[in-house]
Amino acid sequence: MSDNLRNRQSTIQVIFLLAAIVLLIKAVEIQLIDDTFRRRADATAIQKYTIYPARGTIYDRNGKLLIYNTPTYDLMATYNQIKWDNFDTTRFCQLLNIDKKFFADNITKNWRDPRYSRVVPFVFMSKLSPDAIARFQENMFNFPGFYLQLRNARGYPHPYAAHLLGYIREVNPSELTKDSTTYQMGDYIGASGLEHAYEEELRGKKGIRFVLKDNLGRDVGEYLNGSQNIAPVSGEDIIASVDLDLQAYGEQLLHHKIGSVVAIDPRSGEILAMVSSPTYDPNVLTINENRSREYARLLSDPNNIFLDRAVKGMYPPGSLFKPTVALIALQEGVLSPNRTIGCGGGYYMGGQRLTGCHGHPTCTNVTMAIQHSCNAYFVQVFRDVVDSKGFYNPQAGLDIFNSYLDRMGLGRQLGVDFPNEKAGNYPTSTYYNDRFERQQAGQKWNSVWVRSVGIGQGEMLLTTLQMANLGAIIANRGYYITPHLLKSYGNKNREIPERFQTRNYVGIDSVHFGPVVEGMERAVLGGTARVAYVPDLFICGKTGTAENPHGKDHSIFFSFAPKDDPKIAIAVYVENAGFGATFAAPIASLMIEKYLNGSIRPDRKYLEDRILNADLINKKP
């Protein structure tokens with residue numbers, strides 16, 4: 001044999017020897033050191049687990065926490081993985097402190113319903129107590145097909161702003177039908193308030209974990225060492241525009257009263273407070289075993305606690321509407337600032353008093369008319385606008401009038417970032433044409449028939465949000481920024497929507513606001529709103545008393561302050577509370593004082609005490 005051949009043979013033998021050594025080492029590793037392959041061999045299934053993200057938290061404008069996350073566990077079940085042959089139902093029920101009927105009801109589903117599947121996990125029992133979690137976790141290996149799912153419920157460090165913040169609940173069938181890719185049975189979703197308005201930002205993105213299971217349903221290990229897992233993405237934090245201290249104070253002042261308050265920073269359109277009363281502690285609707293009972297209790301309350309009166313209550317604005325009438329008339333040139341209109345206790349026509357008024361001096365200009373809230377003055381001014389194209393063509397004049405209302409955000413949704421905002425209402429010429437055609441057998445309508453609109457009655461309906469926004473328009477002398485509850489995102493690089501930064505001009509020249517603002521200031525200094533006066537705050541306001549055919553009149557007030565550098569515009573509506581100066585004006589002025597000064601003057605403490613102690617629901621003094 002040649003040397004060449006011997007060398008080649010030796011090389012081949014060495015290669016085979018090295019390969020054998022490598023294979024031997026790998027076999028030792030697989031058999032004695034690394035059990036990955038053994039576990040995979042024992043595995044009979046790959047289980048997909050959902051990892052729920054932390055929901056975004058919500059803060060107030062000053063960084064105070066409004067909503068946080070609190071961990072909770074759901075017990076999930078996969079029907080086809082349950083080993084029924086040796087399933088110990090009695091022991092299972094003991095561990096969870098449930099009875100066998102509860103077990104049977106919750107484990108049995110309508111498998112024909114597309115929402116359920118025998119091979120897809122579903123919520124068997126939600127919101128387990130800490131004791132039940134501890135007991136079951138120790139024994140879970142005895143019950144394949146069941147596992148604990150970590151979830152994040154909500155917690156509230158303060159008992160305020162329930163309507164504004166909203167609550168979360170499990171998704172319902174209609175929501176699953178609309179978006180089955182995002183939600184599954186048992187998922188939580190924002191049901192109301194900011195939780196609903198910013199659901200997409202707050203919910204985050206789910207993660208996925210793949211786990212190997214053996215034939216007994218036990219975890220064998222991560223599938224492919226977790227390389228296929230997807231980490232969850234936490235929800236976006238939200239910084240709300242509200243001032244928690246102002247919100248809490250407003251709720252305290254409205255306690256035992258039915259009504260609402262909306263306060264806006266006119267410079268930015270940011271909502272500083274949005275109160276609806278009666279209200280409730282948001283903690284009673286956290287995800288726990290008592291939630292269903294508490295929800296039913298609130299739902300059955302005769303005062304309709306779940307109605308958010310700030311955006312869904314539609315009310316006649318009463319005399320709050322008079323500054324708007326004046327501004328439109330001034331812009332249209334049918335009213336001059338120094339026009340005198342007699343009153344004599346009301347508006348007369350043909351010797352008959354058609355609309356009453358209270359006693360006050362003759363109003364020789366617009367400023368005086370607003371100061372004393374003269375009904376006769378504004379009925380005449382409204383009629384002049386409607387008749388501006390001729391007495392027998394009121395449709396054209398009313399259409400012009402309404403075009404301004406539309407630009408002011410009345411009769412339509414303002415576009416606040418909050419669910420279920422109502423549009424309010426203003427009567428149109430089409431409405432009157434149809435109405436009089438039906439009811440008066442062809443009778444034509446004219447400005448006399450619809451005069452009540454000029455003093456905020458009749459078919460005029462506004463939300464408290466719209467009233468506050470009117471205050472912001474006057475404060476800004478002709479524009480508003482769409483009211484909103486989002487101040488910023490937790491991600492500082494993310495901008496708020498452009499519509500919350502854009503000025504909306506209402507088509508009235510700034511020069512016309514002078515006499516109106518002056519009249520609102522005089523109403524506080526020495527008119528119908530004297531109770532709202534606070535030294536050095538320069539509050540401009542207007543009272544209103546809306547007629548209520550079903551009981552006591554409603555108390556209304558809107559205002560802004562300071563006069564020449566407005567930082568807050570506010571509207572208050574208290575149902576069945578009488579004159580505007582009785583409750584609404586004091587509440588507004590106290591909130592303005594609290595916001596601008598941080599405290600209430602000692603000489604106004606009596607007023608604060610009167611409002612805080614008044615009970616208009618239970619008729620206590």
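Numbering of residues begins at 1 and proceeds along the displayed sequence. What you see below is based on every heavy atom in this structure, not just the backbone, and it leaves out hydrogens, waters and symmetry mates. Bear in mind that the values here come from a model prediction, so they are computed numbers and not experimental data.
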Enquirer: If only side-chain N and O atoms count, and only distance matters, is there a donor-acceptor pair under 3.5 Å linking R209 with T50?
Expert: no
Enquirer: Which of parallel (below 30°), tilted (30 to 60°) and perpendicular (above 60°) describes H554 and Y573?
Expert: tilted
Enquirer: Here's one to test your reading of the geometry: is the NZ or CZ of R407 within 45 degrees of the ring axis of Y404 and under 6.0 Å from its centre?
Expert: yes
Enquirer: Taking atom NE2 of H255 as the centre, report whether more than 12 heavy atoms of other residues, nucleotides or ligands fall under 6.0 Å from it.
Expert: no
Enquirer: Do we see a donor-acceptor contact under 3.5 Å between the side chains of T528 and T543?
Expert: yes
Enquirer: Tell me if the NZ atom of K563 is crowded by more than 12 foreign heavy atoms within 6.0 Å.
Expert: yes
Enquirer: Distance alone, cut at 3.5 Å: any donor-acceptor contact between the side chains of N283 and T286?
Expert: no
Enquirer: Relative to Y188, does R151 satisfy both conditions: NZ or CZ under 6.0 angstrom from the six-membered ring centre, and within 45 degrees of the ring's axis?
Expert: yes
Enquirer: Decide if the gap between the ring center of F418 and the ring center of H484 is smaller than 6.0 angstrom.
Expert: no
Enquirer: Atom CG of residue position N97 - does it have more than 12 heavy atoms of other residues, nucleotides or ligands inside 6.0 Å?
Expert: no
Enquirer: Answer with yes or no after comparing the ring centroid distance for Y147 and F124 against a 6.0 Å cut-off, counting only values under it.
Expert: no
Enquirer: Give a yes or no on whether Y73 atom OH has more than 12 heavy-atom contacts from other residues, nucleotides or ligands under 6.0 Å away.
Expert: no
Enquirer: So F210 and Y223, would you call those rings parallel, tilted or perpendicular, with 30° and 60° as cut-offs?
Expert: perpendicular
Enquirer: Who pairs with F560 by ring-ring contact (aromatic ring centres under 6.0 Å, His included), at least two apart in sequence or on another chain?
Expert: none
Enquirer: Pair L66, Y156 - check side chain to side chain contact (heavy atoms under 4.5 Å, CB included), show working.
Expert: CA-CA 6 Å; L66 299 177; Y156 306 86; over 6 Å; no
Enquirer: Tell me whether the NZ or CZ atom of R610 lies within the 45° cone about the ring axis of F583 and under 6.0 Å from its centre.
Expert: yes
Enquirer: Within a radius of less than 6.0 Å around CD of E200, do more than 12 heavy atoms belonging to other residues, nucleotides or ligands occur?
Expert: no
Enquirer: Under a 3.5 Å cutoff, is there a donor and acceptor pairing between the side chains of N597 and S599?
Expert: no
Enquirer: Regarding D265 and K567, does a basic nitrogen lie under 4.0 Å from an acidic carboxylate oxygen?
Expert: no
Enquirer: Check this for me: does any side-chain nitrogen of one of K257 and D615 sit under 4.0 Å from a carboxylate oxygen of the other?
Expert: no
